[in-house]
Visitor: 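Take this structure, written in structure tokens, and hold onto it; I'll ask about it next.
Values below: all heavy atoms of this structure, side chains included; hydrogens, waters and symmetry mates excluded.
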Amino acid sequence: KMKIVLVLLIVCLAIVAVVHARSINHAKVHAQKMQAYAKSLGAKADPPLKEQWFKSQMQDHFDPLNTNTFPQKFFVNDKYYKIGAPVFLYINGEAPLVGQAIQYGELAIIAAQHSGLIVSLENRYFGNSIPTKDLSTENLKYHVVPQYLADLAWFQKWLTTSLTLTGPWVVVGGSYSGATAPWYRIKYPHLVVAGYGSSGVVNPLLHLPQYAKVIEQDINEVPGCHAAFSEVMKSINGYLAQGVTGANTLQKDFNICQTGYEILADTMTFFFDITNPMIGAAQYGYQKDFCSTLMKAGSSPYNNYIKMFVDNFPSNQPSTECSDIDWITQNQNISFPVSEGDRSWFWMKCSTFGFFKTQNGLWLPELTFDYLQGACAKVFGDVAAMPNVAWTAQEYGADKPAGDKILFVGGSNDPYSPCDVNPINSTAIPGQPHLYIYQGSHCKDLDQASPTDSIYVKNVRKQAEQYISTWIAQAYTRKA
């Protein structure tokens, strides 16, 4: 029991740390979870996977006159593989790809059941897979979903030949890649026999006020936590009301690089950063751990929150001892490499998806649409001043996508659930089962299994495994 608690603590701290980034990014979180789990195994952890490269990926799949290519990183996990078995293509998504992402979690369980191979290709414009010399707005024109789906198709063709793979392929992903996985199945049905999208944000919403409402619902599940966090916000607002003197106190308490004057001049940026630990913990189902620390006896919720914030994030700037919260200026950096792909992901939000998580200020601090959307123009100029969500919805079907043999999994505690497929619609579409986890958090089904998982999580995983097994069996039957 003690070992289970220790593993959960390590994973929880990893989540709290990663969400201190300028955005809560699922691919980063998944990598952190799997790396934390591997660390908890110690000497029993699987050996690290070898970093490999697809050296001739096309820069532009839709211009026959553009012959530029770039190297794209990938990993292969053959721990369970037997010749002729299925291949599971994991779409990593919006962060640098790490090998542990395909060594653990539910995908590894499914692969083991089928003696399958697991492969993953790093998304263009993240990590080391950059098709242009920098991340300038002009060069980001190649950073669109159709290009990445084509990347996957050409990579799949090349790897199939290189490794002499004969089994059927299944594509899997979570969050952003929980959308691109079904889209890949829809776009290239001749290449993959099934798709699995966990918390897939297939429905691009420009304005997402529902996100904050679900976060509040999640925090309300822990008695006293809502009131405790409200007390934290009350203390912060009290300091802000004191003007520069109070803002200087906040600057010192939160160990922020910006001055008190700068905090007062841009309170939305301040709140955007400092509320991320609570929001991230709720999004990923760690609200009990977060709230336990927040309400720890012997100190005020404000002081507990400060300690949690500062202890986990002593600095996000290697050359300083403070935390720079000016995420807009940071995302204006076009050089390569850049930290964790934040500019690349922000480009996708500004150009394609939206997902502007506004807050009305009634509980969480106010974040307006103008502030979030305006950041797009500040970072990328007029080219991406307003996301073209209508194009994305039209291209891929929004919450009513086409295609069959596509599994969608969502959760009632997932703040991105409005962007998932509509369960009512999906039940009317043959071949698109939608499983819903009661009190399920974002992409919970793809996590590493734990004895503390609820019966609802366990049941959905079993059902998901059954669907995938059925579709794989059908593929072998057709092949015969």
Visitor: Under the criterion ring-ring contact (aromatic ring centres under 6.0 Å, His included), I'd like the reasoning laid out for H143 against F126: C-alpha separation, chi angles, the key distance, then a yes or no.
Guide: CA-CA 10 Å; H143 187 22; F126 293 96; 5.6 Å; yes

Visitor: Can you find a pair of side-chain heavy atoms, one from M34 and one from Q103, that are under 4.5 Å apart?
Guide: no

Visitor: Among D420, D447, D445, D414, whose side-chain hydrogen bond (donor to acceptor under 3.5 Å, both in side chains) with S198 holds?
Guide: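 Result: among D420, D447, D445, D414, D445 is the only option passing the side-chain hydrogen bond (donor to acceptor under 3.5 Å, both in side chains) with S198.
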
Visitor: Is F254 close to I325 at the side-chain level, that is, under 4.5 Å between some pair of heavy atoms?
Guide: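 A side-chain contact is absent here, since even the closest heavy-atom pair is not under 4.5 Å.
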
Visitor: Check the orientation of Y438 and Y456. Use parallel for under 30°, tilted for 30 to 60°, and perpendicular for over 60°.
Guide: perpendicular

Visitor: Roughly how far, to the nearest 0.5 Å, is OG1 of T180 from OH of Y396?
Guide: 9.5 Å

Visitor: Rounded to the nearest 0.5 Å, what's the gap from CD1 on I83 to CG on L117? Could you check?
Guide: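 One gets 11.0 Å once the value is rounded to the nearest 0.5 Å.
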
Visitor: For residues 431-470, which residue pairs pass the disulfide bond (SG atoms under 2.5 Å apart) check, not counting sequence neighbours?
Guide: none

Visitor: Using atom types as modelled and distance alone, determine if a side-chain donor or acceptor of R185 lies under 3.5 Å from a backbone N or O of D404.
Guide: yes

Visitor: Run the side-chain contact (heavy atoms from CB on, under 4.5 Å) check on M308 and F290 step by step: do they pass?
Guide: CA-CA 9 Å; M308 179 164 43; F290 170 83; 3.3 Å; yes

Visitor: Closest approach of E231 and P301, non-hydrogen atoms and distance?
Guide: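 Taking every non-hydrogen atom into account, OE2-CD, 3.4 Å.
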
Visitor: Is it the case that the side chains of E216 and H226 hold a donor-acceptor pair, with the cut-off being a distance below 3.5 Å and no angle test?
Guide: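 Yes, E216 and H226 have a side-chain donor paired with an acceptor closer than 3.5 Å.
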
Visitor: Donor-acceptor check, side chain of Q432 to backbone of A402, threshold 3.5 angstrom: yes or no?
Guide: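 Yes, the answer is positive, given that a donor and an acceptor are paired below the 3.5 Å cut-off.
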
Visitor: Using only atom types and a distance under 3.5 Å, with no angle test, would you say the side chain of D253 pairs donor to acceptor with the backbone of I306?
Guide: no

Visitor: For residues C376 and A384, report the shortest heavy-atom separation together with the two atoms involved.
Guide: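 Closest approach of C376 to A384, heavy atoms only: CB-O, 3.2 Å.
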
Visitor: Can you tell me if OH on Y371 sees more than 12 non-hydrogen neighbours from other groups inside 6.0 Å?
Guide: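 Buried by this count: over 12 neighbours within 6.0 Å.
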
Visitor: I would like to know whether E94 and M348 meet side-chain contact (heavy atoms from CB on, under 4.5 Å); could you show each step before the answer?
Guide: CA-CA 9 Å; E94 69 279 27; M348 300 200 76; 5.8 Å; no

Visitor: May I ask you to decide if F54's main-chain N or O and Q72's side chain share a donor-acceptor pair within less than 3.5 Å?
Guide: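 A pair under 3.5 Å: no.
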
Visitor: Does either side chain, that of Y80 or that of H114, offer a donor lying less than 3.5 Å from an acceptor on the other one?
Guide: no

Visitor: Any sub-3.5 Å donor-acceptor pair from N255's side-chain atoms to V310's backbone N or O?
Guide: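 No.
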
Visitor: Do the side chain of S129 and the main chain of N123 share a donor and acceptor less than 3.5 angstrom apart?
Guide: no

Visitor: Within a reach of under 6.0 Å around CH2 of W363, are more than 12 heavy atoms found that belong to other residues, nucleotides or ligands?
Guide: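 Atom CH2 in W363 is crowded, with more than 12 foreign heavy atoms closer than 6.0 Å.
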
Visitor: Which pair of non-hydrogen atoms, one from D273 and one from F309, has the smallest distance, and what is that distance?
Guide: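 Minimum heavy-atom separation between D273 and F309: OD2-CZ, 3.6 Å.
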
Visitor: Considering all heavy atoms of both residues, which atom of Q113 and which atom of E465 are nearest to each other, and what is their separation?
Guide: NE2-OE1, 3.0 Å

Visitor: Decide yes or no on side-chain contact (heavy atoms from CB on, under 4.5 Å) for I102 and F88, but give the supporting numbers first.
Guide: CA-CA 10 Å; I102 59 171; F88 295 91; over 6 Å; no

Visitor: Do Y211 and Q283 meet the criterion of a side-chain donor-acceptor pair at a distance under 3.5 Å?
Guide: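 Yes, side-chain donor-acceptor contact under 3.5 Å.
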
Visitor: Do Q100 and Y37 come within less than 4.5 Å of each other through their side chains, counting heavy atoms only?
Guide: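 Sidechains of Y37 and Q100: no contact.
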
Visitor: Got more than 12 heavy atoms from elsewhere within 6.0 Å of NZ, K73?
Guide: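 Atom NZ in K73 is crowded, with more than 12 foreign heavy atoms closer than 6.0 Å.
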
Visitor: Contact between T293 and K307 at the side-chain level, heavy atoms closer than 4.5 Å - yes or no?
Guide: no

Visitor: Please lay out, stage by stage, how H442 and S175 fare under the test side-chain hydrogen bond (donor to acceptor under 3.5 Å, both in side chains).
Guide: CA-CA 8 Å; H442 196 58; S175 194; 2.8 Å; yes

Visitor: Mind checking the CD-OG1 spacing from Q373 to T368? Nearest 0.5 Å is all I need.
Guide: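 So the CD of Q373 and the OG1 of T368 are separated by 9.5 Å.
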
Visitor: Please walk me through it: do S199 and Y416 pass side-chain contact (heavy atoms from CB on, under 4.5 Å)?
Guide: CA-CA 7 Å; S199 297; Y416 277 107; 5.8 Å; no

Visitor: Quiz question: by atom type and distance under 3.5 Å, do the side chains of Y184 and Q156 form a donor-acceptor pair?
Guide: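 Note: Y184 and Q156 side chains meet the donor-acceptor criterion.
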
Visitor: I need the T267 OG1 to L367 CG distance, nearest 0.5 Å.
Guide: 9.0 Å

Visitor: Check the angle between the aromatic planes of W327 and F272 and answer parallel, tilted or perpendicular using the 30° and 60° thresholds.
Guide: parallel

Visitor: For the pair Q448 (side chain) and Y104 (backbone), establish whether a donor and an acceptor sit closer than 3.5 Å, ignoring hydrogens and angles.
Guide: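 A pair under 3.5 Å: no.
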
Visitor: Please check this pair: side chain of S177 against backbone of G93, looking for a donor-acceptor N/O pair closer than 3.5 Å.
Guide: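 Looks like no, no N/O pair under 3.5 Å.
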
Visitor: Scan side-chain atoms only and decide if N413 and Q217 contain a donor-acceptor pair under the 3.5 Å cut-off.
Guide: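 Judged by distance alone, the side chains do pair up.
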
Visitor: Fit a plane to each ring of F229 and Y305, take the angle between them on a 0 to 90° scale, and name the class: parallel (under 30°), tilted (30 to 60°) or perpendicular (over 60°).
Guide: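 Perpendicular, since the angle between the ring planes exceeds 60°.
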
Visitor: For residues P277 and I274, report the shortest heavy-atom separation together with the two atoms involved.
Guide: CD-O, 3.4 Å

Visitor: So, taking the atom named OH in Y176 and the one named CG in N92, what distance separates them when rounded to the nearest 0.5 Å?
Guide: 10.5 Å

Visitor: Rounded to the nearest 0.5 Å, what separates atom CG in L49 from atom CG in D78?
Guide: 8.0 Å

Visitor: Using side-chain heavy atoms (C-beta onward) and a distance below 4.5 Å, is V421 in contact with N203?
Guide: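 No, their side chains stay 4.5 Å or more apart.
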
Visitor: Please find the pair of heavy atoms, one from Y148 and one from L121, that lie closest to each other, and give the distance.
Guide: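 Distance-wise, the nearest heavy atoms are OH-O, 2.9 Å.
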
Visitor: Tell me whether K28 is salt-bridged to D342, with the criterion being a basic N under 4.0 Å from an acidic carboxylate O.
Guide: yes

Visitor: Do H26 and Y284 make a side-chain contact, defined as non-hydrogen atoms from C-beta onward lying under 4.5 Å apart?
Guide: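 Yes, their side chains come closer than 4.5 Å.
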
Visitor: Please assess F356 against F369 for the test ring-ring contact (aromatic ring centres under 6.0 Å, His included), listing each intermediate value before the final yes or no.
Guide: CA-CA 7 Å; F356 294 136; F369 178 83; 5.6 Å; yes

Visitor: Can you tell if the side chain of V214 reaches within under 4.5 Å of the side chain of D218, non-hydrogen atoms only?
Guide: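 Heavy-atom side-chain distance check passes, below 4.5 Å.
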
Visitor: Does the pair D453/K444 count as a salt bridge with the N-to-O cut at 4.0 Å?
Guide: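 Salt bridge flag = yes for K444 with D453.
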
Visitor: Tell me, yes or no, whether the heavy-atom count around K82 atom NZ, taken from other residues, nucleotides or ligands under 6.0 Å, exceeds 12.
Guide: no

Visitor: Check whether any side-chain heavy atom of C419 lies under 4.5 Å from a side-chain heavy atom of L208, and answer yes or no.
Guide: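 The answer is yes, as the side chains (C-beta and beyond) meet within the 4.5 Å cut-off.
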
Visitor: Please verify the inter-ring angle class for Y188 with H190; under 30° counts as parallel, over 60° as perpendicular, anything in between as tilted.
Guide: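 The rings of Y188 and H190 sit tilted, inter-plane angle from 30° to 60°.
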
